[in-house]
Amino acid sequence: MSDSQPIASSSASKPVLWSSRFAFIMAAVGSAVGLGNIWKFPYITGENGGGAFVLVYLACIAIIGLPLMMSEVMLGRRGRKSPIGTMEVVAAAEKGSKNWIGVGLMATLAAFIILSFYSVIAGWTMPYIISAVTGDFNDIDAERSGDLFGQLLASPGQLLLWHSIFMGLTVWVSAGGVRHGVERAVTKLMPALFVLLIILVGYASTTGHFGEALGFLFKPDFSALTAESVLIALGHAFFTLSLASGAMMAYGAYLPQKVSIARTAMVVAVMDTGVALLAGLAIFPVVFAHGLAASEGPGLIFVTLPVAFGQMPGGGFFAALFFVLLLFAAWTSSISMLESLVSYLNEKGVSRVKAAIGGGFAAWLLGITTVLSLNLWSDFTPLDSLARFEGKTLFDLYDYLTANIMMPLGALLIALFVGWKMKPEHSQAELGAWHKVWFPIVRYVTPLALLIVFAFNLR
Ligand code: PHE
């Protein structure tokens, strides 16, 4: 077998592939662009002082995120299987221990846990679209807006309804398969998302506070930066690029052999970052125009933004567009979260439809515990006896476990595998000329950076 061929190419069944490089890019950008970019990035930037935080975040994407994304896509394409199957065959091909399969298992589990709570949050966009259209936000004040959000979170029935609909949408696309489900959805939704985003940035530029937002996002004030914010930036770099969750490995498995992994991964990382920055430019001018605080936290989008839109001409319409954008972004991400598990079950002989329904149903069930964490179980903080987990609800624990433990650990193991276990000739065959830059980074820089994060996190 030649090294430039994927390991599984000798297997009898022909692997399913994306129809084009464009399709892969839309799928991968669709996975990457999500609540992380439009909901989380603006508010953590707001909380961490703006420009300096953005700079650190960009560095994390370039130095750690991008090389890892290249690694995952490469592993996926060599294995041409689900993340679990891929780790098994790739490790065997490198004469590595069987235990490397654990990387695939952990990634699949992380994606599953994230999907369970992501679906609950993504569900919030739907009542917000309705409220925006029916004029609920007209001239709303901060208190009333906070109340509306509070009422939504306090209602298990409402949350469960939207969570169920969102999970249903995810399962529906996933059940359609790679080409007819995922590819078809992402190649329509992602262009629509870009158009919506451009319209919203254009609208924000009419507020007269665009310059202020630009300054906030791009003028670094290093005095606002703490060690904590550096960690937040790094953690977010993983999450926003969908790393260590199997998504990029699973999608990489469908990448045609002739496509350049390095160049494609760069396009994905640049687009993901571009969307996060544009989301900031759509949100902050509107927030500043009404003298509201950028440092509002998680409520920035669901509490502050309705107040701002509610005071603007045409605000209801643009608020609705905004929440549609958020819904599309979350949807294409959740589809990718389910892919690791669905492709694994499919490999084990379960039909795609059954795998999507079964996997989605299980994630939906787990999601109910997140729904309840926001209201009836908000005092249920089961790990209080451990100082680190004190006061954390089940939802907080899922978030902590995935973002602070499973993802950095998975990323570290992936970097160690491609940097130390895999033969450089093999990665060279996949990455071509970019291998020279990529290799020393994943071998030394990425693991070191990740070890530092761990040391800090476990302090
Ligand atoms: N990248 C997505 C976002 O920013 C989240 C995600 C994580 C998607 C893990 C897939 C896997 O919202």
Side-chain angles (χ1 to χ4, degrees), residues 25-45 57 60-61 65-66 68-69 72-73 76 82-83 104 106-125 166-167 170 173-174 182 185-186 189-190 193 197 232-252 265 268-280 298 301 325-343 359-360 363 398-411 414:
I25 292 178
M26 289 301 106
V29 174
S31 170
V33 169
L35 297 173
N37 304 59
I38 300 166
W39 171 59
K40 198 161 180 199
F41 175 77
Y43 91 70
I44 57 177
T45 301
Y57 163 76
C60 292
I61 293 275
L66 183 57
L68 271 171
M69 183 186 297
E72 291 198 31
V73 174
S82 70
M106 189 165 69
T108 306
L109 183 64
F112 176 79
I113 297 173
I114 294 172
L115 174 61
S116 77
F117 65 77
Y118 201 85
S119 168
V120 176
I121 302 175
W124 301 348
T125 58
F166 184 82
M167 193 64 88
T170 304
V173 172
S174 184
V182 182
V186 295
L189 289 172
M190 293 316 288
L193 180 141
L197 189 57
I232 295 175
L234 183 62
H236 188 63
F238 286 127
F239 187 79
T240 190
L241 292 179
S242 311
L243 297 174
S245 59
M248 291 298 163
M249 251 192 236
Y251 279 1
V268 175
V270 166
M271 288 179 85
D272 180 70
T273 307
V275 170
L277 295 173
L278 284 174
I301 282 199
L325 169 86
L326 194 56
L327 175 62
F328 283 6
W331 190 10
T332 53
S333 295
S334 63
I335 294 165
S336 75
M337 290 172 201
L338 197 51
E339 188 60 28
S340 306
L341 182 59
V342 168
S343 57
Y398 302 147
D399 183 26
Y400 189 93
L401 180 70
T402 50
N404 296 9
I405 300 175
M406 296 172 89
M407 285 176 135
L409 182 61
I414 289 167

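Whatever order the structure lists ligands and atoms in, that order sets their numbers, starting from 1.
- The shortest heavy-atom distance from W39 to ligand 1 is not under 4.0 Å.
- Remark: side-chain polar atoms of S174 are not paired, donor with acceptor, to backbone N or O of T170 under 3.5 angstrom.
- With distances taken over non-hydrogen atoms, the option nearest atom 3 (C) of ligand 1 out of A28, A32, S242 is A32.
- Under the 4.5 Å side-chain criterion, counting only non-hydrogen atoms from C-beta, I61 is in contact with T240.
- Under the 6.0 Å cut-off for aromatic ring centres, Y118 and F166 do not qualify, their centroids lying 6.0 Å or more apart.
- The atoms of ligand 1 that sit less than 4.0 Å from any heavy atom of G34 are 3 (C), 4 (O), 12 (O).
- The distance from ligand 1 to the heavy atoms of S245 drops below 4.0 Å at these ligand atoms: 9 (C), 11 (C).
- Every atom of ligand 1 with a heavy atom of S31 under 4.0 Å away is listed here by number and element: 1 (N), 2 (C), 8 (C), 10 (C).
- The shortest heavy-atom contact between F112 and G359 is CE1-O, 3.7 Å.
- Distances between N or O atoms of F239 and those of ligand 1 include at least one value under 3.5 Å.
- Classified by interplanar angle (parallel below 30°, tilted 30° to 60°, perpendicular above 60°), the ring pair H236/Y57 is tilted.
- Residue, atom and distance of the protein heavy atom nearest to atom 12 (O) of ligand 1 are Y118 OH, 2.6 Å.
- The aromatic rings of W39 and W124 lie perpendicular to each other, with more than 60° between the two planes, well past the 30° mark.
- Of all the atoms in ligand 1, the ones that sit under 4.0 Å from a non-hydrogen atom of T240 are 1 (N), 4 (O).
- The distance criterion of under 3.5 Å between nitrogen or oxygen atoms is not met by S333 with respect to ligand 1.
- Of the candidates S333, S336, S245, S334, S336 is the only one forming a side-chain hydrogen bond (donor to acceptor under 3.5 Å, both in side chains) with S31.
- Taking distance alone, with nitrogen or oxygen atoms compared against 3.5 Å, M407 stays at or beyond that limit from ligand 1.
- Residue pairs meeting the salt bridge (Lys or Arg N to Asp or Glu O under 4.0 Å) criterion with at least one partner in residues 331-342, sequence neighbours excluded, are E339-R352.
- Considering backbone and side-chain atoms together, G36 places an N or O closer than 3.5 Å to an N or O of ligand 1.
- Of all the atoms in ligand 1, the ones that sit under 4.0 Å from a non-hydrogen atom of S336 are 10 (C).
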